[in-house]
Amino acid sequence: MSDLELYVLPGCPYCAKVTSKLDELGLDYETHEVPSSHAQRDEVEQVSGQTGVPVLVDPDHDVTGMPESDDIVAYLEETYA
């Protein structure tokens, strides 16, 4: 079982791209929905240093807050495919 965590915003196409890849790879993950206002995204900012989503956390591979959907998808393919 994986300890993957994903910070998302409902309706975000970039987040959907990452969740689709996670599902395609059959990975278990926990999602954290962030507020729509960037000013209220304290939790994701603490994790990644920025307020954009998606952000992936993978403590099993020392990933503490990876932003950018393309980077996350590439990482998932390299690490879990």
Side-chain angles (χ1 to χ4, degrees):
M1 185 165 141
S2 174
D3 291 324
L4 294 171
E5 297 180 52
L6 185 65
Y7 291 82
V8 299
L9 178 67
C12 164
Y14 304 106
C15 299
K17 177 179 180 178
V18 174
T19 57
S20 292
K21 179 53 69 175
L22 286 161
D23 293 340
E24 175 188 318
L25 294 171
L27 297 171
D28 291 326
Y29 60 97
E30 181 179 352
T31 57
H32 303 280
E33 290 186 9
V34 301
S36 58
S37 170
H38 281 262
Q40 297 176 341
R41 296 182 184 175
D42 297 334
E43 186 177 1
V44 74
E45 188 173 14
Q46 288 175 345
V47 168
S48 67
Q50 49 91 51
T51 59
V53 288
V55 168
L56 179 74
V57 176
D58 184 358
D60 293 342
H61 293 92
D62 295 324
V63 174
T64 57
M66 178 184 290
E68 301 299 330
S69 60
D70 289 340
D71 293 344
I72 295 170
V73 167
Y75 166 78
L76 292 171
E77 289 174 343
E78 290 170 18
T79 308
Y80 293 100

Q: When rounded to the nearest 0.5 angstrom, what is the spacing between SG in Cys15 and CD1 in Ile72?
A: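 The SG atom of Cys15 sits 8.0 Å away from the CD1 atom of Ile72.
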Q: Mark yes when over 12 heavy atoms from residues, nucleotides or ligands other than Tyr75 sit less than 6.0 Å from its OH; otherwise mark no.
A: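 Yes, the 6.0 Å shell around OH holds more than 12 heavy atoms from other groups.
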Q: Could you grab the distance from atom NE2 of His38 to atom CD of Gln50, nearest 0.5 Å is fine?
A: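 Between atom NE2 of His38 and atom CD of Gln50 there are 9.0 Å.
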Q: In Å and rounded to the nearest 0.5 Å, what is the CG to OG1 distance from Asp60 to Thr79?
A: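 Between atom CG of Asp60 and atom OG1 of Thr79 there are 11.0 Å.
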Q: Can you measure from OG (Ser48) to CD (Glu68) and round to the nearest 0.5 angstrom?
A: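 If we round to the nearest 0.5 Å, Ser48:OG and Glu68:CD are 10.0 Å apart.
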Q: Decide yes or no for His61 and Tyr80: does some side-chain heavy atom of the first lie under 4.5 Å from some side-chain heavy atom of the second?
A: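 In contact.
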Q: Would Tyr29 and Asp58 count as having a side-chain donor-acceptor pair, cut-off 3.5 Å?
A: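 Checked: Tyr29/Asp58 side chains show no N/O donor-acceptor pair below 3.5 Å.
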Q: According to a 4.5 Å side-chain heavy-atom criterion applied to Ile, Leu, Val, Met, Phe, Trp and Tyr, with indirect links allowed, do Val18 and Leu27 form part of one hydrophobic cluster?
A: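 Val18 clusters together with Leu27.
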Q: In this structure, would Val73 and Val63 fall into the same cluster of hydrophobic residues linked by side-chain contacts under 4.5 Å?
A: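 Per the 4.5 Å side-chain linkage, Val73 and Val63 are co-clustered.
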Q: Between His32 and Tyr7, how do the two ring planes meet: parallel, tilted or perpendicular, split at 30° and 60°?
A: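 Rings of His32 and Tyr7: parallel, as their planes differ by under 30°.
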Q: When rounded to the nearest 0.5 angstrom, what is the spacing between CG in Leu4 and OG1 in Thr31?
A: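 Taking CG in Leu4 and OG1 in Thr31, the distance rounds to 12.0 Å.
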Q: Can you confirm whether Leu9 sits close enough to Arg41 that some side-chain heavy atom of one is under 4.5 Å from a side-chain heavy atom of the other?
A: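 They are in side-chain contact.
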Q: Should we count CD of Glu45 as having more than 12 external heavy atoms under 6.0 Å?
A: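 Counting other residues, nucleotides and ligands, CD of Glu45 exceeds 12 neighbours.
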Q: How far apart are the closest heavy atoms of Met66 and Asp71, and which atoms are they?
A: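 Closest heavy-atom pair between Met66 and Asp71: SD-O, 3.8 Å.
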Q: For a 4.5 angstrom cut-off between non-hydrogen side-chain atoms, does Thr64 reach Val47?
A: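 Side-chain contact under 4.5 Å: no.
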Q: Measure the spacing between CD of Glu24 and CG of Leu76 and express it to the nearest 0.5 Å.
A: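 It comes to 10.0 Å.
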Q: Which heavy atom of Leu25 sits nearest a heavy atom of Glu77, and at what distance?
A: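 That would be CD1-N, 4.4 Å.
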Q: Could you check if a side-chain atom of Val53 sits within less than 4.5 angstrom of a side-chain atom of Val8, using non-hydrogen atoms only?
A: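 No, every pair of side-chain atoms sits at 4.5 Å or beyond.
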